[in-house]
Amino acid sequence: MMKIKLIAGGAALVIGAGAYYLTRGDALEEAAKARTAQGAPIVEVTLPDTLSAKAEIGKHAFDAVCADCHGQNAAGKLGFGPPLVHKIYEPNHHGDMAFYMAAQNGVRAHHWKFGDMPAQDGLTKTDVAGIVTYVRELQRNNGIN
């Protein structure tokens with residue numbers, strides 16, 4: 001009789017643990033899907049306490065022209081465009097001139113699989129200078145120099 005109670009208790013424990021795991025697994029899977037949803041940020045960006053005046057102006061230009069693809073705070077956007085706060089875009093690999101050329105001429109996809117970036121009409125050199133300053137300040141604050 002004691003063996004039957006132990007077996008029944010063990011079976012109940014296994015069933016309960018399995019149900020918990022399956023439920024927890026569903027919740028974890030849903031959380032993972034939310035993080036990888038189309039349009040979700042690709043990287044986590046830590047914002048500086050303050051931005052320089054030029055970077056503030058650049059942020060406004062970035063938000064108006066670049067954020068639709070490169071995401072808020074240049075964190076990238078799944079399904080749309082890469083993060084600019086990323087070691088690939090550090091100044092020794094993609095110098096400031098690369099940003100000017102990208103805005104003026106567009107860019108063929110080469111580091112990421114988002115497709116080609118079109119030229120961005122309507123941006124002045126002053127606009128791009130502000131955007132570069134904004135992105136570089138974000139990069140520095142996130143350990144990308």
Side-chain angles (χ1 to χ4, degrees), residues 6-145:
L6 285 175
I7 291 171
L13 183 62
V14 168
I15 291 169
Y20 171 77
Y21 175 77
L22 289 174
T23 303
R24 183 173 176 266
D26 289 345
L28 293 174
E29 186 176 320
E30 288 302 315
K33 283 181 186 175
R35 284 192 304 274
T36 59
Q38 188 87 333
I42 296 172
V43 298
E44 190 172 316
V45 176
T46 303
L47 301 176
D49 292 334
T50 59
L51 293 169
S52 68
K54 187 173 181 179
E56 281 287 349
I57 293 168
K59 178 182 180 349
H60 291 294
F62 182 91
D63 289 346
V65 178
C66 310
D68 281 349
C69 293
H70 291 289
Q72 291 297 311
N73 304 312
K77 201 169 172 183
L78 280 172
F80 294 90
L84 300 177
V85 179
H86 192 279
K87 65 183 178 180
I88 286 177
Y89 298 102
E90 60 95 12
N92 289 324
H93 186 73
H94 283 88
D96 294 353
M97 188 52 70
F99 287 85
Y100 287 94
M101 298 300 290
Q104 180 180 346
N105 303 320
V107 179
R108 282 191 21 224
H110 56 287
H111 288 299
W112 306 87
K113 296 184 180 195
F114 292 103
D116 297 342
M117 176 185 149
Q120 301 300 302
D121 296 327
L123 285 175
T124 66
K125 287 183 180 182
T126 302
D127 294 332
V128 177
I131 291 168
V132 169
T133 300
Y134 171 62
V135 169
R136 295 300 188 208
E137 287 186 21
L138 290 175
Q139 288 175 336
R140 278 191 299 278
N141 198 67
N142 287 272
I144 302 166
N145 295 315

*Parallel, tilted or perpendicular: ring planes of Trp112 versus Phe114, cut at 30 and 60 degrees*: tilted
*Does a side-chain heavy-atom distance below 4.5 Å link Tyr89 with Val135?*
no
_Given 3.5 Å as the limit, does a donor-acceptor pair link the side chain of Lys59 with the main chain of Tyr134, or not?_
no
*Atom pair CD (Gln139) and CG (Leu84), whose distance is rounded to the nearest 0.5 Å*: 7.5 Å
_Looking at every non-hydrogen atom in both residues, tell me the closest pair between Ala109 and Gly115 and how far apart they are._
CB-O, 3.4 Å
_With a 4.5 Å cut-off on side-chain heavy atoms, are Asn142 and His86 touching?_
no
_Minimum heavy-atom distance between Ile42 and Lys77, given as atom pair plus value_ = CD1-N, 3.6 Å
*So, His70 side chain and Pro82 main chain: donor-acceptor pair closer than 3.5 Å or not?*
yes
_Quick check: do Leu123 and Ile131 have side-chain heavy atoms less than 4.5 Å from each other?_
yes
*State the CG-OG1 distance between Leu51 and Thr133, to the nearest 0.5 angstrom.*
10.5 Å
*Does some side-chain heavy atom of Asn73 sit less than 4.5 Å from a side-chain heavy atom of Leu47?*
yes
_Looking at Pro118, is its backbone amide N or carbonyl O close enough to the side chain of Gln120 to form a donor-acceptor pair, meaning the two atoms are under 3.5 Å apart?_
yes
*Would you check if there is a donor-acceptor pair between the side chains of Tyr100 and Asn105 at a distance under 3.5 Å?*
no
*Hey, mind stepping through Ile144 and Arg136 against side chain to side chain contact (heavy atoms under 4.5 Å, CB included) and telling me if it holds?*
CA-CA 8 Å; Ile144 302 166; Arg136 295 300 188 208; over 6 Å; no
*Look up atom CD in Gln104 and atom CE in Met97, then write down how far apart they are to the nearest 0.5 Å.*
9.0 Å
*Heavy atoms only: give me the nearest Arg108-Asp116 pair and the separation to one decimal.*
CA-OD1, 3.3 Å
*Looking only at heavy atoms, which two atoms of Ala102 and Val107 are closest? And how far apart?*
CB-CG2, 3.3 Å
_Under a 3.5 Å distance rule, please check whether Glu137 uses its side chain to pair with a backbone N or O of Ser52 as donor and acceptor._
yes
*Taking all heavy atoms of Asn145 and all of Pro91, pick out the closest pair and write down the distance.*
C-CD, 3.5 Å
*asked:* If we ignore hydrogens and angles and just use 3.5 Å, is the side chain of His94 paired with the main-chain N or O of Ile88 as donor and acceptor?
replied: yes
*Closest contact, heavy atoms only, Val45 versus Ala75*: CG2-CB, 3.6 Å
